Amino acid sequence: MTPFVSIKDARRAVQPFRLATGGAIDRSQPLRFRFDGKDHLGFAGDTLASALLANGVRFVARSFKYHRPRGVLSAGCEEPNALVELRTGARREPNTRATIAELYEGLEAASQNRWPSLAFDLLSVSAPLSPLLRAGFYYKTFMWPASFWEKLYEPLIRRAAGLGRAASDEDPDHYEKAIAFCDVLVIGGGPAGLSAALGAARTGARIILCDEDFCLGGRLLAERRAIDGRGAEEWLHATIAELESLPEVRVMRRTTVFGVYDHGTFGALERVNDHMPVPPQHEPRQRAWRIVAKRAVLAAGSTERPIVFSGNDRPGVMLAGAVRTYINRFGVAPGRRAAIFTAGDDGWRTVADLARAGVLVAAVIDCRSDIDPALATMARQAGARLVAGGRVVATHGAHGLKAIDVTDPSGHRERIECDLLALSNGWNPAIHLTCHLGGRPAWDEARQAFVPGTLPPGLSVAGAAAGRLSLGEALADGARLGLAAGSDCGFEGAPVGHAATDPESVAVAPVWRVGGSKGKAFVDFQNDVTDSDVELAHREGFRPVEHLKRYTTLGMATDQGKTSNLPGLAIMAKLTGRSIPQVGTTVFRPPYTPVAIGALAGHHRGKAFRPTRLTPSHAWAEQQGAVFVETGLWLRAQYFPRHSESDWLATVNREVTTVRTSVGVCDVSTLGKIDIQGGDAAEFLDRVYCNGWTALPVGKARYGLMLREDGFVMDDGTTSRLGDAHFLMTTTTANAAKVMQHLQFCHQALWPELDVCMVSVSEQWAQFAIAGPRSREVLRGVVDPEHDLSHEAFPYLAAREITVGNGLPARLFRISFSGELAYELAAPASYGDAAIRAIMTAGEPFGIAPYGTEALGVMRIEKGHVAGNEINGQTTARDLGLGRMMSTKKDFIGRAMAARPALLDPDRPTFIGFKPVDPSRRLRAGAHFVAPGKAASAANDEGHMTSVAFSPTLGHWLGLGFLRRGPERIGERVRAVDPVRDGEVEVEICDPAFVDPAGERLRV
Amino acid sequence: MRIRCPYCGERDVQEFTYLGDASKVRPEGSDANADAMIDYVYVRDNPAGPHREFWYHSAGCHAWLVVVRDTRTHAIEEAEPARDVALRRRKGEAA
Amino acid sequence: MMNYSVFGLVAHALRGNKHWMPVWREAEPKAAYDIVIVGGGGHGLATAYYLAKEHGLTNVAVVEKGYLGSGNVGRNTTIVRSNYLLPGNIPFYEWSMKLWEGLEQDINYNAMVSQRGVLNLYHSDAQRDAFARRGNAMRLHGVDAELLDREQVRAMAPFLDFANGRFPVQGGLLQRRGGTVRHDAVAWGYARAADARGVDLLQNCEVTGIRTEQGRVRGVETARGFIRANKVGLAVAGNTSRLAAMAGLRLPIESHVLQAFVTEGVKPLIDTVVTFGAGHFYVSQSDKGGLVFGGDIDGYNSYAQRGNLPVIEDVMESAMAIWPGLGRLRVLRHWGGVMDMSMDGSPIIDGTPIEGLYLNAGWCYGGFKATPASGWCFAHTIARGEPHPFSAAYRLDRFATGHLIDEKGVGAQPNLH
Amino acid sequence: MSDALPRPWAARGAWDGVIAAGRQGCDRGEPGVRVSPREGLHLATIIGHRARSAELDRLLFEALGAEPPKTAQVARASDGDLIWSGPEQWLLASPSAELMRQIAARLAGVAAVSDQSDARGVLRLSGSQVRNVLAKGCLIDLHPRVFRPGDVALTAIAHIGVQLWQLDDGPTYELAVFRSMAMSFWSWFEGAAAEYGYEVIAGDPRN
Ligand SMILES: Cc1cc2nc3c(=O)[nH]c(=O)nc-3n(C[C@H](O)[C@H](O)[C@H](O)COP(=O)(O)OP(=O)(O)OC[C@H]3O[C@@H](n4cnc5c(N)ncnc54)[C@H](O)[C@@H]3O)c2cc1C
Ligand SMILES: NC(=O)c1ccc[n+]([C@@H]2O[C@H](COP(=O)([O-])OP(=O)(O)OC[C@H]3O[C@@H](n4cnc5c(N)ncnc54)[C@H](O)[C@@H]3O)[C@@H](O)[C@H]2O)c1
Ligand SMILES: Cc1cc2nc3c(=O)[nH]c(=O)nc-3n(C[C@H](O)[C@H](O)[C@H](O)COP(=O)(O)O)c2cc1C
Ligand SMILES: [Zn+2]
């Protein structure tokens, strides 16, 4: 990037359209910025738009479809035209509204949607072609030949469409979410909002006041108004000062309330540092707030409406209210020679302000034929032509306004030179948020606008947002509704006194469309929707307002039709001979203004997307150089490689072999552990497991199978009886929370009379599987000497509380997933690290190997144990070959549904083992089974492989899976076909217990 | 959405886990025939209006609640512990 | 019906676009029809079209309570695919895919069927195995499916987080023939084509009652009066239970809200559909330039077409989790639709205990892709009084018999499907 | 376990290797938050049964001089706190292992007692900005009008289940996090507190 001119030179640089005095900008703080590579100067307090205008830059964008030159229409978030790419590189933000982008030192922005340059845009559609691009044209063509759509037409359309370019790299900034609670939320900090906040605050209630702008004041910043005889700014300062002095008031500038959600929840976006080149260290770029309020006052103000006439999109055509904003708030003259096209009295305010700013007012075109004499005088004094009952029918100027064509009631047409045309057609209350919960607006005939209809519970509307457009009404509403909201929350306070305001008129007779001339007349500037597009929609029967919207894309751009919806409706109303309320509005949806995805994600991205759970031996495993794997939220050791080992398979083979021939240890702390106590604990287990528990003796463990109520298997695990009325249940890692929730449901909602209580102790216990022929000897060196570990004293499935490391309470279970003589030792989690080290030391003489989830998986497959791949929610106990576990002597969750015919169908694929006929072949999970000689087709699909492993014990690959009538077919051969990996292997069906089927190794 | 847990007070819906229709009563013992069970497990009134439903305060006190909520407006009429509802039903059966 | 073509477009343009005809008639309800289809969404309109085209039944009305396409067909994320796992589903969805492939020429309307590919990411070995199983099931059914490894995915979607992901991308299951279709155009195209064959499209015509006598359907009470009908077909998606209740039926269905999102329009970023395997997120880019995306359902019964912040934030977190470049892109609008979640996550196309009353429901969040086949099979079921082979598994009695079609294996809990 | 007899087996606290003492984040002015890990705290879940709640109240009162709170409150006794953890459920927190053993013994048959000493990591948080930091993850209202000393909440922060109670008006809070997620919790905390600056004070303020 080329450096900016020195600040010294910058100070001397002139801003040709900057007024000598006035405005809420800080002339002592010049800011350098760059637009389309050209350097400019603005002041603190400027927006990008006001700074561009101050520098005489008014052609700032190209339109969406026709690539027409566009300028600045508004001075707020409703801006449809002045969209730029703000910032560069990874911080580039497309479609940023220049009218609300705060200027900062070194700001860089570029125009978008043009090629190669703004002034010279090859994509700009020349007039003759444009009729082809009418609303919905793409639905009517590009159908032949079918394949051309993806290959040719669509890519063209896609390249032309879209506006700015999104950044391609990761967003370097960070974001936050936060929650705030209050009694009263006030949305909008204009006169209505400020007095509402004051009224509520004086009751002592907790208040939050949000305004999307960086200055409070709303239209007061834009108009020259008097309150109680003094300049409105005095009232502003006093009010803001009082609010900020109150302890229970939180004023949030740069904060847009973007959505209303259920039960008093509001979404808000705080632009914490968008006015900085980059966020300061330790600070987020933006913060997404969830605000919970008992009451809310909506004081969001209103948006001025343009007029639809030919050429109304030319740079230099601007809303009258915006013209006044640029003059009064930013000290910028948006032109040198102005005309005003108004349908109401409010437009006339512009005359005085322009005149005072030294801008020549060439003409005032008032749509109304009989004009108040006072206004006529005003025109005369300003030296402006007054065209009563006039219309602007055309505009001229290639890249910006040079002249307008005006007709008077007699039809006489003349050209008037001007570089600025101010439009005033009345104001639309900002009712969006009143509709987010499904509320529908109401039409106000007198004000010719939609006003709030059904409101969200607890929300009231004040000032212009309620259609009460005058300052006096705004102040009065605010005071009244603020106080009311406060007292609704149980607080009392003195009402805010009445404030007198200078007179103002809101009279308006809106003109929706000026017909009678050829050029394009825009309704939706950003989506390039013209009045004739609305006509076309009407002609083709897209008359319901939602069809109009969807067919023409009216109101679907980033501004969501803030300036365009009503004119569109009005035109359709005229065409269909209905009234505007009969046509109705489309649905207002959040967000009120677009919200960055990053802000709504906050902290939760990258590694912080979801919490990571670490096992008690994690630090130790890291020291061993373990490779870790995500299993749900857990990070578990997958295997423990050694330098000598060529690949992971070699490592896993070693780990398995060490366990089978000597001993190994694995952290199994991730298993869910639920402490179940109470007189009815056994009875409770009987109901939630499909197998029986009452007969289980104290000190013993048993494998349990749990069904869902629909008869399919939910989870399995071993549960031990530690006392008469005390069980310890283990669940699979994946289902720990789900099972806990299920048990709580069964107890609380189904059988509250049972004397049983349960609590998760998963986090309390570190648990290690010590497996292999030498495991007993290893344990001997870990468990305190007084405990007899002999086979007789501590047989298979024994489960006892013992001590380790000299009196430390622990638990020992003689259970085995590997099929070897094996134990699971549970020690308090704080001692998990000590435990693994103690086990390793005790195991050293036997060459103990730590093993990870891979070896664990290999050994369970060698033993034919089912796990997650088999218990996938689609399988029954019978499918798993565990049908016999389902007790016939008792009722249990899932019993009835498991008896449905389709679940008993003997043809259901059933759990079984597989080995490759050619032992050198590799198996793959996910392969399907097809009988030899049959075509690999759906008709011949007999099941699929769920789990595979290379068995170092047997020297070839093994598989588990489900096969139609599998257990009846042991010894048969089938093909395991795997088209997605171009594989096919012939396999032999065999008993899933590949290793030690009789289970002798367990009982030594 | 905000749910008032009888034990913890009003909390964001994010703290809760939804199960569904709480007007259903699990058929037990002799009532547990196939048809009754199918109705219990699969058939739903799914009303557009007040709906009795189970919510679990999973991120809070682990209580199961029966909440009455209007499915058109999301407005919540009441929330009480599922345990109390079940005990009341048991008493009803006893009487 | 006026034929649409590029030549027509030019001709009209030259005549100032003044001579386009309405896409469909604004028909007045007749006193009676052979068949009344309730629901002017994709399925209802497609059903009417195929009744007329495939079965020569044109004395048919589609009654719609709002405007045509006001339901889920007009508010979905437009993803079409046939990458299903279970035998009951694959042939049906593949038939739908085939109908999509010929749709535009068939109805002479550009619905922008765009086979840009659907890529489902996997993040663990177990997930890979499950995808392999699914991909193989598809291939055995003659459906295209490819299992990609990490590097192949990187080549297709380099913007995904391969460096710092909480759940690293290991690969994906790709169906190249999957893609997107312009949602509204599907409703309009079918409506226009059905209208052209004589079907009456009755908008603002809410059905308020279903009249039956001796277990037989007689017609429907509507906002525009009673309409007699020999056969009535329900295709009302999220409102199925309400309509069924009018006929005294209770169904294995819950209504849930699903939200969707669209960002500001930007130049092309992503030209396929990508779905996250370790969270709830799926995304594609519309021809207008907006990223259209969605995630999990809100999870509670609802008839309000809107959702709440927890799911909105969950979707955004998932978005950032796989695609950190999205941070500064802005969401422009989000909305919701009410879905007919069935108890096993699969649809129902069947008759009912009431003679002449037919049911098309249970589409969950996946029925847009099904639109053509659903219309095709429902039309067949209504016309012939028997299920179509492709929808033979979608019977109402499967919950009693246990012939469930539970792709996810989560059981009878609709909000988990 | 500070007061247990010396063992070859060394305990590894939930925060070991997670939290480092010292000043972090913004270094201007006073740190907004002070953090101290509560080491050597013994915890146990006590679950009562409605039928026996009177008896449980009595036994606990005899043992601790405090009755178990029936609402979301902490009952603070000389050598232990009874922290409400749900209906009929409390978390007993005490530095004394002996007390834990006694209570477990006394409550046998009346209530279910499950040791959780190693299941949670507990932090004490104080400082002028502590509410603002918690507001970035904790979905409950901690305003002094709503949440006061002695109040308890079970909730979640950044997708992590936490139990939180207030000690004094400072305000000072204590917060219990599942042990396996201590690292993730801390990564959230660091981000949330950075803008105000925070100081980790090693060693337990109580002993
Ligand atoms: C946010 C969202 C995203 C989705 N994404 C996808 C996706 O990417 N891919 C996919 O395949 N599927 C998706 N779906 C699902 C898909 O949109 C639906 O399954 C499908 O559209 C339903 O069929 P339909 O079009 O006939 O329903 P609808 O369009 O809802 O049609 C039902 C019609 O019935 C009308 N109706 C209701 N009650 C009455 C009455 N009493 N009288 C008269 N008319 C009545 C309604 O007004 C409505 O127009 C999504 C759904 C949602 C909400
Ligand atoms: N004479 C007329 O015809 C006419 C017409 C319209 C308005 N007015 C003038 O407008 C003013 C009305 O006062 P008011 O307070 O009702 O409106 P206002 O326009 O003065 O203030 C509205 C404020 O709300 C903020 N806002 C809007 N939406 C928001 C959101 N979602 N989140 C956060 N902030 C948001 C805006 O930034 C603005 O500051 C009076 O001064 C009145 O004179 C006059
Ligand atoms: C695929 C798709 C793309 C959309 N793109 C836009 C868009 O670019 N601008 C917009 O305002 N809305 C867009 N919408 C949302 C619609 O405006 C509208 O919200 C949605 O169809 C639901 O209707 P409703 O909001 O009127 O209830 C889109 C919707 C869909 C389904
Ligand atoms: Zn609770």
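Owing to the predicted nature of the structure, the values given are computational and were not obtained by experimental measurement. We name chains A, B, ... by the order of the sequence lines, and we start the count at 1 in each one.
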Report task. Go through the steps for Tyr139(A) and Tyr109(C) under the test ring-ring contact (aromatic ring centres under 6.0 Å, His included), then give the verdict. Result -> CA-CA 6 Å; Tyr139(A) 299 121; Tyr109(C) 202 80; 5.7 Å; yes
Requested in this report: Among Ala130(C), Gly289(C), Gly325(C), single out the residue with the greatest number of heavy-atom pairs under 4.5 Å to chain A.
Outcome: Gly325(C)
**Report entry** Residue part contacting chain A, namely of Trp188(C), when any heavy atom lies under 4.5 Å
**Finding:** side chain
Requested in this report: Tell me, out of Asp406(C), Leu86(C), Leu147(C), Ile322(C), who's got the most heavy-atom pairs with chain A below 4.5 Å.
Outcome: Leu147(C)
Report summary line: Honestly, the part of Ala939(A) sitting under 4.5 Å from a heavy atom of chain C is neither
Query raised in the report: Side chain, backbone, both or neither: which part of Ala319(C) has an atom under 4.5 Å from a heavy atom of chain A?
Result: side chain
**Report entry** Choice from Arg330(C), Lys288(C), Gln305(C) maximising heavy atom contacts with chain A below 4.5 Å
**Finding:** Arg330(C)
Report task. Would you mind reporting whether Asn308(C) and Thr265(A) have side-chain heavy atoms less than 4.5 Å apart? Result -> no
Query raised in the report: With a 4.5 angstrom heavy-atom cut-off, which part of Gln285(C) approaches chain A: side chain, backbone, both or neither?
Result: both
Query raised in the report: When you look at Glu630(A) and Arg166(C), which way does the side chain to side chain contact (heavy atoms under 4.5 Å, CB included) test go after all the steps?
Result: CA-CA 8 Å; Glu630(A) 294 78 10; Arg166(C) 170 71 179 81; 3.5 Å; yes
**Report entry** Which portion of Phe542(A) sits near chain C, non-hydrogen atoms under 4.5 angstrom
**Finding:** side chain
**Report entry** Structural part of Arg158(A) lying under 4.5 Å from a heavy atom of chain C
**Finding:** both
**Report entry** Interchain contact, Ala137(C) with chain A, by part (heavy-atom threshold 4.5 Å)
**Finding:** both
**Report entry** Polar contact flag, side-chain donor to acceptor under 3.5 angstrom, Arg333(C)-Thr558(A)
**Finding:** no
Query - Which atoms of Ile312(C) approach chain A - backbone, side chain, both or neither, heavy atom under 4.5 Å - result: side chain
Query raised in the report: Cut-off 3.5 Å, side chains only: do Thr401(C) and Arg900(A) have a donor facing an acceptor?
Result: no
Query raised in the report: Which bit of Ala160(A) comes within less than 4.5 Å of chain C, counting heavy atoms only: side chain, backbone, both or neither?
Result: backbone
Query raised in the report: Would you say Leu85(C) and Gln874(A) make side-chain contact, with heavy atoms under 4.5 Å?
Result: yes
Requested in this report: Say whether Glu154(A) and Ser114(C), considering side chains only, have a donor N or O and an acceptor N or O under 3.5 Å apart.
Outcome: yes
**Report entry** Ionic contact status for Arg981(A) with Asp149(C), cut-off 4.0 Å
**Finding:** no
Query raised in the report: For Arg192(C) and Glu540(A), what are the C-alpha separation, side-chain angles and deciding distance, and is it a salt bridge (Lys or Arg N to Asp or Glu O under 4.0 Å)?
Result: CA-CA 11 Å; Arg192(C) 175 169 165 273; Glu540(A) 296 196 64; over 6 Å; no
Report task. Flag this pair as yes if the NZ/CZ of Lys607(A) is under 6.0 angstrom from the six-membered ring centre of Phe167(C) and inside a 45 degree cone about the axis; otherwise no. Result -> no
Query raised in the report: Could you go step by step and tell me if Tyr4(C) and Phe137(A) meet the ring-ring contact (aromatic ring centres under 6.0 Å, His included) rule?
Result: CA-CA 10 Å; Tyr4(C) 288 162; Phe137(A) 72 98; over 10 Å; no
Requested in this report: Taking all non-hydrogen atoms of both residues into account, name the closest pair between Ala925(A) and Ala132(C) and its distance.
Outcome: O-CB, 3.8 Å
Requested in this report: Go through Gln105(C), His19(C), Glu101(C), His403(C) and name the one with the most non-hydrogen pairs under 4.5 angstrom from chain A.
Outcome: Gln105(C)
Report summary line: From the list Val930(A), Leu437(A), Asp941(A), Asn527(A), the residue making the most non-hydrogen contacts under 4.5 Å with chain C is Leu437(A)
Query raised in the report: What salt bridge (Lys or Arg N to Asp or Glu O under 4.0 Å) pairs are there with at least one residue in residues 123-135 of chain C, not counting sequence neighbours?
Result: Asp125(C)-Arg128(C)
Query raised in the report: Of the backbone (N, CA, C, O) and the side chain (C-beta and beyond), which part of Leu329(C) lies under 4.5 Å from a heavy atom of chain A, both, or neither?
Result: both
Report task. Answer yes or no: is there a donor N or O on one side and an acceptor on the other, between the side chain of Glu313(C) and the main chain of Ala601(A), under 3.5 Å? Result -> no
**Report entry** Per-residue contact mode, Ser286(C) against chain A (heavy atom under 4.5 angstrom)
**Finding:** backbone
Requested in this report: Go through the atoms of Arg550(A) and report whether side chain, backbone, both or neither lie under 4.5 Å from a heavy atom of chain C.
Outcome: both
Requested in this report: Measure Met112(C) against the heavy atoms of chain A and call it side chain, backbone, both or neither at under 4.5 Å.
Outcome: both
**Report entry** Between Tyr67(C) and Arg543(A): side-chain donor-acceptor atoms closer than 3.5 Å
**Finding:** no
Report summary line: In short, Asn95(A) meets Glu264(C) closest at the heavy-atom pair CB-OE1, 3.1 Å
**Report entry** Side chain / backbone / both / neither for Val10(C) at chain A, heavy atoms under 4.5 Å
**Finding:** both
Requested in this report: Evaluate the side chain to side chain contact (heavy atoms under 4.5 Å, CB included) criterion for residues Asn110(C) and Lys140(A): first the C-alpha distance (whole Å), next the side-chain angles of each, then the deciding distance (0.1 Å), finally the verdict.
Outcome: CA-CA 6 Å; Asn110(C) 183 1; Lys140(A) 298 172 182 162; over 6 Å; no
Report task. Over 60° means perpendicular and under 30° means parallel, so classify the ring planes of His547(A) and Trp24(C), tilted if in between. Result -> perpendicular
Report summary line: Cut-off 4.5 Å, heavy atoms of chain A, and the answer for Lys18(C) is both
Requested in this report: Look at Asn872(A), Leu903(A), Leu83(A), Thr141(A) and state which one has the largest set of heavy-atom pairs under 4.5 Å with chain C.
Outcome: Thr141(A)
Report summary line: Okay, Arg182(C) and chain A: the region with an atom under 4.5 Å from a heavy atom over there is side chain
Requested in this report: Let me know if His436(A) has heavy atoms under 4.5 Å from chain C in its side chain, its backbone, both or neither.
Outcome: backbone
Query raised in the report: Looking at Gly74(C), Pro268(C), Pro87(C), Gly102(C), which makes the most heavy-atom pairs under 4.5 Å with chain A?
Result: Pro268(C)
Requested in this report: Go through the atoms of Thr612(A) and report whether side chain, backbone, both or neither lie under 4.5 Å from a heavy atom of chain C.
Outcome: both
**Report entry** Asn113(A)-Lys267(C) side chain donor-acceptor pair, cut-off 3.5 Å
**Finding:** yes
Could you list the donor-acceptor pairs under 3.5 angstrom formed by side chains in residues 162-174 of chain A, with sequence neighbours left out?
from	atom 1	to	atom 2	distance (Å)
Arg165(A)	NE	Glu85(A)	OE1	3.4
Arg165(A)	NE	Glu85(A)	OE2	3.0
Arg165(A)	NH2	Glu85(A)	OE1	2.7
Glu170(A)	OE2	Arg605(A)	NH2	3.3
Asp171(A)	OD1	Asp173(A)	N	3.0
Asp171(A)	OD1	Arg328(C)	NH1	2.8
Asp171(A)	OD2	Tyr175(A)	OH	2.4
Asp173(A)	OD1	Arg91(A)	NE	2.9
Asp173(A)	OD1	Arg91(A)	NH2	2.6
Asp173(A)	OD2	Arg91(A)	NE	3.2
Asp173(A)	OD2	Arg328(C)	NH1	2.8
Asp173(A)	OD2	Arg328(C)	NH2	3.2

Report summary line: Max heavy-atom pairs within cutoff under 4.5 Å with chain A, candidates His141(C), His123(C), His12(C), goes to His141(C)
Query - Part of Val545(A) within contact of chain C (heavy atom distance under 4.5 Å) - result: neither
Query - Part of Val587(A) lying under 4.5 Å from any heavy atom of chain C - result: both
Query raised in the report: Which bit of Gln526(A) comes within less than 4.5 Å of chain C, counting heavy atoms only: side chain, backbone, both or neither?
Result: neither
